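Some notes on the structure that comes next.
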There are 2 protein chains.
Amino acid sequence: MVTVHDVAALSGVSIATVSRTLRAPHRVSEQTRDRVLAAVHELGYQPNRAASGLRGGRTGVIGLVVPDIENPYFSSLTKGAQASSRERGYGLVVVDTTERADVESAEVQAVRPQIDGIILASSRLPDEQLAQIAATTTCVLVNRDLGPDAPATPTVTIDERVGARAAVGHLHDLGHRRIAYIGGPARSWSQARRSAAIRDAAQAYADIDLIELSGYAPDAEGGRQAADAALVGRPTAVIAYNDLVALGLLARWTELGVRVPDDVSLLGFDNTYVAQLSFPPLTSVGVDLREFGETAVGLLLDRIAGSTTDAADLNHELEPKLVARASTAAPAAGAGE
Amino acid sequence: MVTVHDVAALSGVSIATVSRTLRAPHRVSEQTRDRVLAAVHELGYQPNRAASGLRGGRTGVIGLVVPDIENPYFSSLTKGAQASSRERGYGLVVVDTTERADVESAEVQAVRPQIDGIILASSRLPDEQLAQIAATTTCVLVNRDLGPDAPATPTVTIDERVGARAAVGHLHDLGHRRIAYIGGPARSWSQARRSAAIRDAAQAYADIDLIELSGYAPDAEGGRQAADAALVGRPTAVIAYNDLVALGLLARWTELGVRVPDDVSLLGFDNTYVAQLSFPPLTSVGVDLREFGETAVGLLLDRIAGSTTDAADLNHELEPKLVARASTAAPAAGAGE
DNA sequence: CTGAAAGCGCTAACAC
DNA sequence: GTGTTAGCGCTTTCAG
């Protein structure tokens with residue numbers, strides 16, 4: 001392992017100068033700088049982040065905590081976060097909590113000493129515990145907030161109302177009037193917001209009948225489970241809690257001979273890459289997930305860099321877009337009568 | 001931040017005893033141990049891994065480098081690795097190289113000082129560079145080797161011959177005699193092994209005609225591109241390089257009115273979770289990917305713990321299994337004549 | 001502009 | 001068994 005001492009020896013300066021050359025180049029004469037940099041290059045010197053963090057307080061590493069890295073939603077988000085933290089010279093440690101609050105809590109405690117800040121995505125932690133972490137750590141919340149009376153914590157969320165309006169509007173434009181919504185887990189923060197938004201969006205149209213179901217697992221299996229119930233009210237279009245649920249619905253329907261979009265239109269949420277994998281490809285509403293990850297990292301890093309703790313732009317709400325694909329079309333004439 | 005000093009003060013011992021209580025409990029009297037542990041608990045003390053690594057040489061962190069975390073293959077592998085390293089008390093830092101050798105090289109250099117070892121999955125690095133890393137770092141190679149004359153490096157690979165035999169045998173059992181293989185990128189290490197294995201497996205049957213194509217991108221888009229060419233020789237079954245390619249084939253075929261498995265059977269590789277998302281669900285050949293990740297971590301950690309550098313069991317070759325789903329069936333009577 | 005020196009939190013000799 | 005002490009590699013005063 002090559003250290004500052006090696007570089008110092010080779011370039012004939014003290015270790016302090018080596019450190020300065022790297023951290024504050026303007027405080028070193030140009031010719032020493034060149035000599036040091038040459039030595040750094042020649043030896044392939046790599047500052048030891050652990051040591052530098054120990055002394056300087058900053059570790060150069062941030063954490064990203066997700067419930068399930070296997071979920072395409074979070075893997076795309078992670079990819080964006082990774083790219084953007086690398087670009088800004090930070091390391092990223094990713095933690096998969098396997099959806100468990102206890103694991104999340106333990107892991108956050110464990111990584112805290114070695115990071116400058118943390119991004120908690122779709123945290124499963126109860127409000128008080130989350131508030132406590134937010135109060136003692138530089139952190140950014142993704143897909144989650146703490147209510148108005150909680151300590152000011154930056155959040156990045158999705159504007160569900162915009163998404164719901166896009167979804168419902170798209171279906172209405174196509175001519176759909178009976179629409180079913182297959183909701184996710186009853187206690188989920190996102191499900192609560194999403195279903196409320198869809199209800200509101202539907203109410204804006206006097207002629208839309210909305211059939212609401214909920215409580216399904218937010219994955220393909222949940223979709224399969226919901227496949228029969230979804231069609232009970234004879235909707236001409238179904239909105240699924242997310243793409244995975246939509247894919248489950250689609251698979252089971254195809255098995256049963258129900259055709260999409262001929263018999264029923266199908267629309268997913270989140271716009272994950274799996275929406276493009278099926279046939280027909282899924283119309284889906286969501287933000288660019290990599291960008292989502294990048295935004296969260298940007299917010300956190302700005303905070304760490306210590307710019308203004310401007311309470312004004314603490315909450316970033318991203319606007320989802322609808323990506324129309326073949327799974328939605330006009331209802332068959334005479335359907336849903 | 002709470003340190004050893006705080007714990008020492010609260011429990012009325014020296015910092016050395018605190019450290020000992022945590023690292024070598026048997027070297028401390030039972031009653032002091034209890035006192036220290038109580039203090040640790042009360043203060044919520046978390047050892048600072050950076051500091052401990054700096055002094056002790058071991059950081060308690062390992063690295064996992066993957067080409068693309070968004071790819072279901074690697075996200076499942078990562079999930080397994082994460083679970084197993086957590087279980088053994090190690091932190092895991094995941095690096096996504098975005099398939100670029102230069103990024104991989106730079107990132108490996110950057111994380112090296114802060115980790116005890118590294119897992120390189122499907123490395124894009126040229127042999128010499130990889131050999132150089134392997135020589136200077138405790139590492140484990142996944143889906144890649146260095147040839148027989150290279151420095152001894154532990155490897156976890158998939159036994160492609162077993163997989164190919166399972167795939168071809170399954171199709172032969174169903175009655176298929178004309179089989180097409182849609183290969184991946186020409187220069188890929190896995191593609192080279194996989195196509196050779198399939199060729200060998202097919203040759204074991206005198207009555208099988210194998211049609212080989214290759215050079216397609218290893219994703220759904222590659223599959224869509226290959227959809228027409230795949231059917232040119234009128235095969236009754238098609239084996240795809242991986243599940244993503246299979247899904248691309250399936251989507252495009254469905255679009256064209258070609259039915260799976262009625263018109264043609266389809267079989268994927270890797271057994272990623274996306275194989276269960278389509279309709280029909282994909283028959284696929286592969287190992288349990290989480291287990292794959294766990295195995296790699298286990299190997300690395302055994303190595304770090306410093307057990308025998310037994311050259312004997314350096315190369316772990318996992319046996320893939322075929323998971324039969326609805327995408328494969330007997331060929332239609334009179335097909336492929 | 002540069003060097004000497006103090007210490008970040010921790011572990012591993014080495015004394016007692 | 002337990003405490004004292006010397007650093008790990010680095011940054012950062014403080015002198016010069």
Side-chain angles (χ1 to χ4, degrees), chain A residues 1-37 39-40 43-61 89 91 109-116 304 306, chain B residues 1-37 39-40 43-61 89 91 109-116 304 306:
Chain A
M1 162 167 292
V2 30
T3 76
V4 266
H5 291 96
D6 302 320
V7 178
L10 181 58
S11 48
V13 298
S14 74
I15 59 165
T17 302
V18 173
S19 181
R20 254 186 236 111
T21 308
L22 267 21
R23 302 294 158 195
H26 59 278
R27 311 204 48 181
V28 171
S29 83
E30 187 171 340
Q31 76 176 356
T32 356
R33 188 167 48 209
D34 290 347
R35 218 140 32 90
V36 172
L37 257 22
V40 164
L43 298 172
Y45 169 69
Q46 224 31 63
N48 183 326
R49 265 183 188 154
S52 123
L54 196 54
R55 183 63 239 250
R58 291 178 359 276
T59 63
V61 176
Q109 296 306 332
V111 296
R112 186 141 51 156
Q114 19 272 338
I115 55 176
D116 295 339
I304 289 172
Chain B
M1 161 166 294
V2 29
T3 76
V4 267
H5 291 98
D6 303 320
V7 177
L10 181 59
S11 47
V13 298
S14 75
I15 59 164
T17 302
V18 174
S19 180
R20 254 186 236 112
T21 309
L22 266 21
R23 303 291 159 197
H26 59 278
R27 312 205 48 181
V28 171
S29 81
E30 187 170 343
Q31 76 175 357
T32 15
R33 188 167 47 209
D34 291 347
R35 217 139 33 88
V36 171
L37 257 22
V40 164
L43 298 172
Y45 169 69
Q46 244 357 87
N48 183 325
R49 266 184 187 155
S52 126
L54 197 54
R55 182 62 241 243
R58 289 176 3 274
T59 63
V61 177
Q109 296 304 331
V111 296
R112 183 138 54 153
Q114 18 272 339
I115 57 176
D116 296 339
I304 289 171

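Naming: A, B, ... by sequence-line order, numbering from 1 per chain. Small disclaimer: the values here were computed from a predicted structure and weren't measured.
Contact check for A/Val28 versus A/Val36: no side-chain heavy atoms found under the 4.5 Å cut-off. Within the 4.5 Å cutoff, no side-chain heavy atoms of B/Thr3 are placed close to those of B/Ile15.
The side chain of B/Thr32 places an N or O atom within less than 4.0 Å of a non-bridging phosphate oxygen (OP1 or OP2) of D/dT2. One finds no side-chain N or O of A/Thr3 lying less than 4.0 angstrom from the OP1 or OP2 phosphate oxygen of D/dG9.
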Query - side chain to side chain contact (heavy atoms under 4.5 Å, CB included) between B/Gln114 and A/Asn48, intermediate numbers included - result: CA-CA 7 Å; B/Gln114 18 272 339; A/Asn48 183 326; 3.6 Å; yes
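A distance of 10.5 Å separates NE2 of B/His26 from CZ of B/Arg20, quoted to the nearest 0.5 Å.
A/Arg33 places a side-chain N or O within 3.5 Å of a backbone atom of A/Pro25 that can act as its donor or acceptor partner.
Mapping heavy-atom proximity under 4.0 Å, the span of DNA chain C touched by chain A runs 5' to 3' from C/dC1 to C/dG9.
Atom CZ of B/Arg58 sits in a sparse spot, with 12 or fewer heavy atoms from other residues, nucleotides or ligands closer than 6.0 Å.
Scanning all heavy atoms of the two residues, the minimum distance from B/Pro47 to B/Arg23 falls at CB-NH2, 3.8 Å.
Straight-line distance from the CG atom of B/Leu54 to the P atom of D/dC10: 9 Å, rounded to whole Å. In this structure, B/Arg112 atom CZ and D/dG9 atom P are separated by 15 Å, rounded to whole Å.
Applying the side-chain contact (heavy atoms from CB on, under 4.5 Å) test between B/Val40 and each of B/Asp6, B/Val2, B/Val7 identifies B/Val7 as the sole match.
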Requested in this report: List the protein contact pattern of nucleotides 11-16 of chain D with one symbol per nucleotide (5' to 3'): B for base contact, S for sugar-phosphate-only contact, - for none; contact means a heavy-atom distance under 4.0 Å.
Outcome: BBB---
